[in-house]
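Okay, so here's the structure we're looking at.
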Amino acid sequence: MKVLVAGGAGYIGSHCVRQLQLAGHEPIVVDNLSYGHRGSVPEEIPFYEANISDRERMVEILRREDVESVMHFAAFCYVGESVEKPIMYYNNNLVATMGLLEAMLEAGVRKFIFSSTCATYGIPESLPMTEDFPQKPINPYGNTKLAVELALRDLANAGSIGFAAFRYFNAAGAAEDGSIGEDHSPETHLIPLAIEAANGQRPALQIFGEDYETPDGTCLRDYVHVDDLSRAHILALEKLNEPGTALFYNLGTGEPFSVKQVIDTVEKVLGKPVPWESAPRRPGDPPALYADPSMAKRELNWEIQYPTLEPIVQTAWNWHRNNPEGYRG
Ligand code: UFG
């Protein structure tokens, strides 16, 4: 199937492109390279440097490439930045997505796969989290993702599209062969920061809060390998034949790990200590977030190939060891 991957030069998008290729599909990448990396997309893949909000251009690309489905990863994803610059987040994550959907409808493309987030739930009342939990985001980033989910529901009700929205927990790791990986600028995610601290590339890692009501006082998260995430998207493609289909899935392993457990794992994989210091809680961090992934497993036959932290960190380290400066190197 010909699949347009918006944001296909970003972290999750680039891994999805590889998995699409492996599954025998034909990905086509659109990315404006504001955060993405040209080097993360193989040469043989059709690549368009374009904004998804450029409706005319998107219609032209969708038609020219005879696209059947769109996967959309082109969003800003920094919670803290979204609090400071909400208009930027609403424009990019919501308004531009509406432009992309409009272009799809004009070009007659009816299948859509959307990167959503567990941040649409806000602070859960219990754990693990299922798809029917109330959605009450606590920051603009989560609000923009929820707003798109609502629009998608309305479009499906109108019979215009069929879609799957995936609510990611903590995407982590890198391609098994170390060829592509995580390269955010600035980097704010725990695993790459811990690796860089252990590798002497940055000062001590700050642990944001050791006084949470969790077993070791640090936050619990559900780290899910980026290739496992990607494979779920491909499984969902098969289910979107009927316009009107509306699917929502949590994508996590269901296994929580604390910040200190992540640090221990990075130390074990690298064989080096992670220097760290205690820091205040980071505003907006829920104490614990982890998925009940049973719906995706049941309905999509999704199989998690990286159920534990150590092999996830190992792939992140493989990438980082070969590319200490990321794609710039
Ligand atoms: N952490 C630290 N020190 C750091 C960085 C992170 O202690 O330097 C802690 C955080 O406080 C959190 C955990 O490590 O407890 C994981 O933090 P990340 O920044 O790696 O990931 P988040 O859980 O904050 O973010 C993820 C996604 C977001 C999404 C969010 C939903 O990356 O896109 O989950 O809450 F919005």
Side-chain angles (χ1 to χ4, degrees), residues 7 10-13 35 73-83 86 89 92-93 114-124 127 129 133 135-146 148-149 165-173 182-198 201-226 229 250-253 255-266 274-291 309 312-313 316:
Y11 171 45
I12 302 175
Y35 282 96
F73 302 92
F76 294 152
C77 66
Y78 295 111
V79 170
E81 185 180 60
S82 78
V83 175
Y89 273 69
N92 190 60
N93 292 7
F114 178 59
S115 290
S116 191
T117 168
C118 65
T120 59
Y121 294 113
I123 298 175
L127 291 159
M129 297 156 72
F133 271 35
Q135 287 179 291
K136 299 181 198 160
I138 55 168
N139 51 59
Y141 169 68
N143 283 330
T144 61
K145 291 287 184 175
L146 178 57
V148 174
E149 283 196 12
F166 287 112
R167 298 176 187 147
Y168 305 151
F169 283 68
N170 289 58
E182 190 166 11
D183 180 2
H184 291 115
S185 186
E187 188 53 80
T188 62
H189 295 100
L190 179 62
I191 293 174
L193 289 178
I195 287 176
E196 288 177 21
Q201 290 173 274
R202 53 171 84 231
L205 177 79
Q206 296 193 312
I207 295 186
F208 298 141
E210 289 184 87
D211 56 350
Y212 286 98
E213 282 182 28
T214 57
D216 66 16
T218 65
C219 288
L220 297 172
R221 292 288 181 273
D222 182 338
Y223 297 90
V224 54
H225 194 277
V226 63
L229 286 185
N250 286 345
L251 293 183
T253 65
E255 288 295 324
F257 290 94
S258 72
V259 174
K260 286 193 173 158
Q261 286 176 304
V262 171
I263 291 175
D264 289 346
T265 308
V266 169
V274 175
W276 63 267
E277 62 193 28
S278 220
R281 290 182 179 197
R282 187 170 67 176
D285 269 346
L289 294 171
Y290 53 96
L309 198 51
I312 296 178
V313 170

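Residue numbers start at 1 and run along the sequence shown. Each ligand, and each atom within it, is numbered from 1 in the order the structure gives.
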Note down each nitrogen or oxygen pair, ligand 1 side and protein side, whose separation is under 3.5 Å; give only atom names and the distance to 0.1 Å.
{"unit_1": "ligand 1", "atom_1": "3 (N)", "unit_2": "Q206", "atom_2": "O", "d": "2.7"}
{"unit_1": "ligand 1", "atom_1": "7 (O)", "unit_2": "Q206", "atom_2": "O", "d": "3.4"}
{"unit_1": "ligand 1", "atom_1": "7 (O)", "unit_2": "F208", "atom_2": "N", "d": "2.9"}
{"unit_1": "ligand 1", "atom_1": "11 (O)", "unit_2": "D285", "atom_2": "OD2", "d": "2.5"}
{"unit_1": "ligand 1", "atom_1": "17 (O)", "unit_2": "R282", "atom_2": "NH2", "d": "3.4"}
{"unit_1": "ligand 1", "atom_1": "19 (O)", "unit_2": "T188", "atom_2": "O", "d": "3.4"}
{"unit_1": "ligand 1", "atom_1": "19 (O)", "unit_2": "R282", "atom_2": "NH1", "d": "3.4"}
{"unit_1": "ligand 1", "atom_1": "19 (O)", "unit_2": "R282", "atom_2": "NH2", "d": "3.0"}
{"unit_1": "ligand 1", "atom_1": "20 (O)", "unit_2": "L190", "atom_2": "N", "d": "2.8"}
{"unit_1": "ligand 1", "atom_1": "21 (O)", "unit_2": "N170", "atom_2": "ND2", "d": "3.1"}
{"unit_1": "ligand 1", "atom_1": "23 (O)", "unit_2": "N170", "atom_2": "ND2", "d": "2.9"}
{"unit_1": "ligand 1", "atom_1": "23 (O)", "unit_2": "R221", "atom_2": "NE", "d": "2.8"}
{"unit_1": "ligand 1", "atom_1": "24 (O)", "unit_2": "R282", "atom_2": "NH2", "d": "2.7"}
{"unit_1": "ligand 1", "atom_1": "32 (O)", "unit_2": "H189", "atom_2": "NE2", "d": "2.9"}

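Judged by the 6.0 Å distance and 45° axis criteria, R221 is not positioned over the aromatic ring of F169.
Annotation: side chain of R167 is not in contact with side chain of M129 (no heavy-atom distance under 4.5 Å).
A salt bridge between R202 and E187 is absent, with no side-chain N of the basic residue lying under 4.0 Å from a carboxylate O of the acidic one.
Classification of the Y141-Y89 ring pair by plane angle, with boundaries at 30° and 60°, yields perpendicular.
Checking D222 against Y168 by side-chain atom types alone, no donor-acceptor pair falls below 3.5 Å.
Within a 6.0 Å radius of CD in E213, other residues, nucleotides and ligands contribute 12 heavy atoms or fewer.
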